[in-house]
Visitor: 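Have a look at this one.
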Number of protein chains: 2
Amino acid sequence: MIKEKGQLLLDYINRYVSLTEEEENTLLSKVVYRSYLKGQFIVQQGDICKYECFVLSGCTKTFYIDDEGQEHIVMFSIEDWWTADMGSFITQTPADYNVQCLEKTELIMFPYDIIEDLYAAIPKLERFFRQIIQKAFVASQKRIVRSFSLSAKERYVYFRNQYPKIEQRIPQYMIASYLGITKEFLSKIKSELIAEQ
Amino acid sequence: MIKEKGQLLLDYINRYVSLTEEEENTLLSKVVYRSYLKGQFIVQQGDICKYECFVLSGCTKTFYIDDEGQEHIVMFSIEDWWTADMGSFITQTPADYNVQCLEKTELIMFPYDIIEDLYAAIPKLERFFRQIIQKAFVASQKRIVRSFSLSAKERYVYFRNQYPKIEQRIPQYMIASYLGITKEFLSKIKSELIAEQ
DNA sequence: AAATCATATTAATCTAGTTTAACTTTTATT
DNA sequence: AATAAAAGTTAAACTAGATTAATATGATTT
């Protein structure tokens, strides 16, 4: 794998735990670098998710198609985030979600069949993953609270403040889907917000 | 700590990792057993959450009071589940949530200041917690999807099927709060469901 | 047994957000 | 530059769920 790409991952991990040079080399020898084009799928609903992926560059959406064929966006992932269908990955059962690239996207992929070896070789990784998943879980719980206690307009304003970088890169109708509202209603909210100031 | 109480925790942990007898003894010597009465608070909004708690018996609700004074229930916890404000616990910052007992509740508490020692003494616990948090995160993501893609009636039916034990122990108005609807609307849903069959 | 307090029901009115559909603007393709 | 395709806007009619308020049921206390 290209040295400088791996370094981005190591920098990220070293914010949580400190790896020795030997551990760093072991890690980089086991993970896989891959680049996807805009529109390509990293995971498809129904497949078994074989990789947990760290995003080096680009942007993905994780979404779910319901029985009526409606798309519901669960999350976006950009640089320094993770993407995959974790439920499918940890249980090796068919994925509920699709993960699709909204831009050319570079990833470092952690294959399922080596991740146990990796934990055995580098126990610190167990701690690292525990810590980032704890953070993700807390964020997810907070999103549930927001979905119940805030209006659509409030949720949009929150999203815009929290993820200013994401908003600019993504079409409005996908943001509407992420917020759980229609694109028409988001359009109305935006024009109200403009009128307000 | 009472031997048989500790055994419930060990049985639970041993479903994920296998502890040696020495590790089991170390663990039980560090955690704290405690019983709360109905109505008592385990965590209060604004406090720093000092314990991650395993529920031996009883039932708790985790909730958030919004700016308008409205209560929003984030989760219920019963036997063999965990309860706390994890966000507050991991960052040691003021809690967003309250955790209150809906019945007499027995807990095993993992104090914040010993948890690092515990990970050091029993590295398997790191793996154990990683695994249960992964599961919790996946469940949380699925709940977000349901909150967007299902109607209130569908969410209620799902809840009833998923947690039949919880429904019987808890007043309707709390279930309404958990589902993100008013108690009046839940009452309407229930009478519709009765009329349907 | 009466009184009180918490919980649940019902119904009328209201509103945040959806649906449908026509139109406009922006971006990509030839 | 012209055309097509994708994304975004506006507005009218509609609906899921909220609000308000009155009533009913069920526990708990005295």
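Below, read A as the first sequence line, B as the second, and so on, with proteins coming before strands; counting in each chain starts at 1.
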Visitor: Between atom CD1 in A/Ile181 and atom P in D/dT15, what is the gap in whole Å?
Guide: 21 Å
Visitor: Suppose we call two aromatic rings close when their centres sit under 6.0 Å apart. Are B/Tyr33 and B/Phe54 close by that rule?
Guide: no
Visitor: In terms of side-chain heavy atoms of A/Phe185, which of C/dT18, C/dT10, D/dT19 is nearest?
Guide: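 Within the option list, the nearest is C/dT18.
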Visitor: From CD of B/Glu192 over to P of C/dT9, roughly how many Å is that when rounded to an integer?
Guide: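 Going from CD in B/Glu192 over to P in C/dT9 covers 13 Å.
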Visitor: Can you see which heavy atom on B/Cys49 is nearest to which on B/Asp85, and at what distance?
Guide: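 Minimum heavy-atom contact is SG-N, 3.6 Å.
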Visitor: Is it the case that B/Arg34 places NZ or CZ above or below the six-membered ring of B/Tyr36, under 6.0 angstrom from the centre and within 45 degrees of the axis?
Guide: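 Flagged: B/Arg34 positioned over aromatic ring of B/Tyr36.
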Visitor: From CD1 of B/Ile189 over to P of D/dG17, roughly how many Å is that when rounded to an integer?
Guide: 7 Å
Visitor: Which residue, B/Leu186 or A/Lys38, contacts DNA chain C at a nucleotide closer to its 5' end, judged by nearest heavy atom?
Guide: B/Leu186
Visitor: Check the distance between C/dG17's C1' and A/Leu150's CG and give it to me in whole angstrom.
Guide: 15 Å
Visitor: For B/Glu68 and D/dA18, what is the distance between atoms CD and P respectively, to the nearest whole Å?
Guide: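 Going from B/Glu68 (CD) to D/dA18 (P), I get 14 Å.
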Visitor: Please state how far atom CZ in A/Arg169 lies from atom P in D/dA7, giving the value in whole angstrom units.
Guide: 17 Å
Visitor: If you only use heavy atoms from C-beta on, which nucleotide in D/dT19, C/dT19, D/dG17 is closest to the side chain of B/Arg155?
Guide: D/dG17
Visitor: Which one, D/dG17, C/dG17, D/dT20, comes nearest to the side chain of B/Glu184?
Guide: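 Comparing D/dG17, C/dG17, D/dT20 against the side chain of B/Glu184, the answer is D/dT20.
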Visitor: I want to know whether B/Trp81 and B/Tyr12 have ring centres closer than 6.0 Å.
Guide: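 No, too far apart.
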Visitor: What nucleotide, of C/dG17, D/dG17, D/dT10, holds the atom closest to the side chain of A/Ser151?
Guide: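 Selected nucleotide: C/dG17.
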Visitor: Among D/dT19, D/dT10, C/dG17, which nucleotide sits nearest the side chain of B/Thr182?
Guide: D/dT19
Visitor: Less than 6.0 Å separating the ring centroids of A/Tyr178 and A/Phe76?
Guide: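 Between A/Phe76 and A/Tyr178, which both carry aromatic rings, the centre distance is below 6.0 Å.
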Visitor: If you restrict it to nitrogen or oxygen atoms, what contacts under 3.5 Å exist between nucleotides 6-8 of chain C and the protein, and what is each distance?
Guide:
| from | atom 1 | to | atom 2 | distance (Å) |
| --- | --- | --- | --- | --- |
| C/dT7 | OP1 | B/Tyr173 | OH | 3.4 |
| C/dT7 | OP2 | B/Tyr173 | OH | 3.1 |
| C/dA8 | OP1 | B/Gln172 | N | 3.0 |
| C/dA8 | OP2 | B/Gln172 | N | 3.0 |
| C/dA8 | OP2 | B/Tyr173 | N | 3.2 |

Visitor: Looking at OG of A/Ser88 and CD of A/Glu52, how far apart are the two atoms once the value is rounded to the nearest 0.5 Å?
Guide: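 CD of A/Glu52 is found 10.0 Å from OG of A/Ser88.
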Visitor: Between B/Tyr51 and B/Phe89, does the ring centre distance come in under 6.0 Å?
Guide: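 Judged by ring-centre distance (under 6.0 Å), B/Tyr51 and B/Phe89 do not meet the cut-off.
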Visitor: To the nearest angstrom, how far is A/Lys188 atom NZ from D/dA7 atom P?
Guide: 24 Å
